[in-house]
*Asks:* 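Just dropping this structure here.
Here is the naming used below: chain letters follow the sequence lines, and residue numbers restart at 1 for every chain.
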2 protein chains.
Amino acid sequence: MTKARKPGFSDCNNATLRRAARSLGRFYDDALAPSGLKSTQFGLIFQIHVSDEPAMGTIAEALIMDLSALGHTLKPLIRDGYVETFPDKDDRRVKRVRLTPQGDVKLDEALKLWSVAQRQFEEKVGAEQAAKLRAALDVVADLDLEMPAAASSN
Amino acid sequence: MTKARKPGFSDCNNATLRRAARSLGRFYDDALAPSGLKSTQFGLIFQIHVSDEPAMGTIAEALIMDLSALGHTLKPLIRDGYVETFPDKDDRRVKRVRLTPQGDVKLDEALKLWSVAQRQFEEKVGAEQAAKLRAALDVVADLDLEMPAAASSN
DNA sequence: CGGCAAAAGTGGCATATGCCACTAATTGAA
DNA sequence: TTCAATTAGTGGCATATGCCACTTTTGCCG
């Protein structure tokens with residue numbers, strides 16, 4: 001009794017992960033809705049907050065996201081005045097990012113909403129369990145996966 | 001020693017999940033690239049394949065995705081001739097979905113590529129571990145999360 | 001039977017993400 | 001110093017996802 005469960009219940013690690021991400025994403029989105037921020041924007045703003053005027057590349061690396069994707073995602077936040085960029089003093093190719101005063105305020109506001117969702121989630125699955133899950137997800141995220149054949153030679 | 005780890009290493013379950021999803025998504029996308037399908041499209045086609053001419057709403061529910069999002073995602077697959085829709089015999093509101101012969105062929109092609117990535121992943125984390133992770137993710141995905149205060153009164 | 005609420009999709013609008021082709025700066029030789 | 005290779009971002013294009021406002025069908029109730 002290990003096969004043919006709910007029809008279409010895929011064994012694909014990626015599909016399962018995305019499915020969970022959609023589900024949980026909606027939950028956190030709902031929770032953050034009053035702030036006007038999406039959970040992704042909240043995460044990005046938080047990342048900027050805890051970093052020290054990080055370069056775009058640094059953020060992209062930390063979040064494991066494409067640099068250009070980061071640029072796109074940053075636009076609405078800049079447009080709304082929560083984030084601003086400025087050139088690095090030593091390397092003009094580098095663009096650094098920081099929160100504006102408004103961004104700080106918005107982050108505080110969002111953090112309150114976020115903590116409710118976070119608590120709610122951890123009550124359901126248990127803080128221990130949640131921590132384990134995050135740890136497992138971090139392992140997966142930082143895995144050095146590479147296609148064997150696809151790589152250069154053998 | 002439980003705080004201030006890697007800068008910006010968030011405790012947010014959602015952020016951690018999305019980060020892992022981006023990472024793993026790229027891996028599977030790379031693996032499927034030769035087929036021309038994205039991992040999301042592969043997952044969708046697979047879901048359609050294992051279902052019996054499912055209605056759009058049925059697919060959306062299984063994948064926990066917004067019905068309209070499903071509609072959007074389906075478009076390129078229909079355009080490329082892998083999927084087709086047809087009206088339900090009894091309820092004209094319902095639109096059912098199925099793979100075209102080309103879709104079946106493409107699925108076979110993609111499955112071969114997918115299995116390589118899947119195997120590669122499970123070798124890295126261990127089949128046992130991977131299964132546990134998927135189980136945990138399914139639990140999370142199917143959790144009945146709801147904002148307490150956000151609900152009606154209280 | 002008439003009409004209203006619920007159910008299933010569609011379309012528009014906005015954000016999330018990626019890849020690719022380019023441009024601007026740097027760095028590292030020759 | 002000069003030029004090729006590398007690094008950091010940008011812009012365009014395409015898919016992924018959601019929410020909301022509608023439209024079409026059904027269902028159901030009085």
*Asks:* Could you give the CG-to-C1' distance, from D88(B) to dG9(C), as a whole number of Å?
*Replies:*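 These atoms are roughly 13 Å apart.
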*Asks:* If Ile, Leu, Val, Met, Phe, Trp and Tyr residues are connected whenever their side-chain heavy atoms lie under 4.5 Å apart, and connections chain through other members, are I78(A) and L63(A) in the same group?
*Replies:*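 Same cluster.
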*Asks:* Just how far, in rounded Å, is C1' of dA14(D) from CG of L74(B)?
*Replies:*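 Roughly 16 Å, once rounded to whole Å.
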*Asks:* Record whether the side chain of R93(A) comes under 3.5 Å of the base of dT7(D) through a donor-acceptor pair of N or O atoms.
*Replies:*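 Flag set: donor-acceptor pair detected.
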*Asks:* R96(B) and salt bridge (charged side-chain N to carboxylate O under 4.0 Å, His left out): which single residue from D90(B), D52(B), D88(B), D91(B) fits?
*Replies:*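 Only one of D90(B), D52(B), D88(B), D91(B) forms a salt bridge (charged side-chain N to carboxylate O under 4.0 Å, His left out) with R96(B), namely D88(B).
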*Asks:* Considering only heavy atoms from C-beta outward, does the side chain of Y82(A) approach that of L37(A) to under 4.5 Å?
*Replies:*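 Result yes, sub-4.5 Å side-chain heavy-atom pair found.
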*Asks:* Of the nucleotides dT17(D), dG18(C), dC19(D), which has the atom closest to the A69(A) side chain?
*Replies:*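 Selected nucleotide (nearest to the side chain): dG18(C).
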*Asks:* How many Å lie between CZ on R22(B) and C1' on dT15(C), as a whole number?
*Replies:*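 That distance rounds to 13 Å.
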*Asks:* Contact class for D91(B) (heavy atom, under 4.0 Å): base, sugar-phosphate, or nothing?
*Replies:*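 Sugar-phosphate contact only - D91(B) comes under 4.0 Å of backbone atoms but never of a base.
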*Asks:* Treating Q41(A) as the side-chain partner and L74(A) as the backbone partner, does any N or O pair qualify as donor plus acceptor under 3.5 Å?
*Replies:*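 Not a single qualifying donor-acceptor pair exists.
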*Asks:* Look at the side chain of R26(B) and decide which nucleotide, out of dT15(C), dG18(C), dG9(C), has an atom nearest to it.
*Replies:*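 It is dG18(C).
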*Asks:* Nearest to the R92(A) side chain among dA8(D), dT26(C), dT25(D), which nucleotide is it?
*Replies:*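 Nucleotide nearest to R92(A)'s side chain: dT26(C).
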*Asks:* Among dT15(C), dC19(D), dC19(C), which is the nearest nucleotide to the side chain of T40(A)?
*Replies:*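 Nearest nucleotide to the side chain: dT15(C).
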*Asks:* Rounded to whole Å, please give me the gap between CG in L17(B) and C1' in dT17(D).
*Replies:*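 From L17(B) CG to dT17(D) C1': 15 Å.
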*Asks:* For the pair made of CD in E61(A) and P in dG9(D), what is the distance, rounded to whole Å?
*Replies:*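 That distance rounds to 11 Å.
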*Asks:* Closer than 4.0 angstrom, basic N to acidic O: yes or no for R22(A) and D66(B)?
*Replies:*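 No.
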*Asks:* Side chain of S68(B): nearest nucleotide among dG9(D), dG11(C), dT15(C)?
*Replies:*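 Nearest to the side-chain atoms of S68(B), counting from C-beta on, is dG11(C).
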*Asks:* Take atom CG of L77(B) and atom P of dT17(D), then tell me their distance rounded to the nearest Å.
*Replies:*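 Computing the L77(B):CG to dT17(D):P distance gives 11 Å.
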*Asks:* Measure CG/L70(A) against C1'/dC19(C) and give the value in whole Å, please.
*Replies:*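 To the nearest whole Å, that distance equals 15 Å.
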*Asks:* Within the structure shown, what part of the strands sits under 4.0 Å from D90(A) by heavy-atom distance: base, sugar-phosphate, or nothing?
*Replies:*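 Touches sugar-phosphate only.
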*Asks:* Of the nucleotides dA25(C), dT15(C), dT17(C), which has the atom closest to the T73(A) side chain?
*Replies:*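 So the nucleotide nearest the side chain must be dT17(C).
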*Asks:* Which whole-number value in Å describes the distance from I78(A) CD1 to dT15(C) C1'?
*Replies:*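 The distance from CD1 of I78(A) to C1' of dT15(C) comes to 14 Å, rounded to the nearest Å.
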*Asks:* Any donor-acceptor pair under 3.5 Å between the side chain of H72(A) and the base of dG9(D)?
*Replies:*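 Side chain to base: no pair present.
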*Asks:* Which part of the nucleic acid does R79(A) contact within heavy-atom distance under 4.0 Å: base, sugar-phosphate only, or nothing?
*Replies:*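 Counting heavy atoms under 4.0 Å across all strands, the contact made by R79(A) is with sugar-phosphate only.
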*Asks:* Hey, which sits more toward the 5' end of DNA chain D by its nearest nucleotide, G57(A) or D66(B)?
*Replies:*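 The 5'-side residue here is G57(A).
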*Asks:* Closest to the K75(B) side chain: dG11(C), dT17(D), dC19(D)?
*Replies:*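 The listed nucleotide nearest to K75(B)'s side chain is dG11(C).
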*Asks:* Near E61(B) CD, under 6.0 Å, is it more than 12 heavy atoms from other residues, nucleotides or ligands?
*Replies:*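 Open: at most 12 neighbouring heavy atoms sit under 6.0 Å from CD of E61(B).
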*Asks:* Closest nucleotide of DNA chain D for D29(A) versus for K38(B): which of these residues is on the 5' side?
*Replies:*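 Per heavy-atom nearest nucleotide, the more 5' residue is K38(B).
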*Asks:* Please compare R18(B) and R96(B) by the position of their nearest nucleotide in DNA chain C and report the one closer to 5'.
*Replies:*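 Nearest-nucleotide comparison on DNA chain C picks R96(B).
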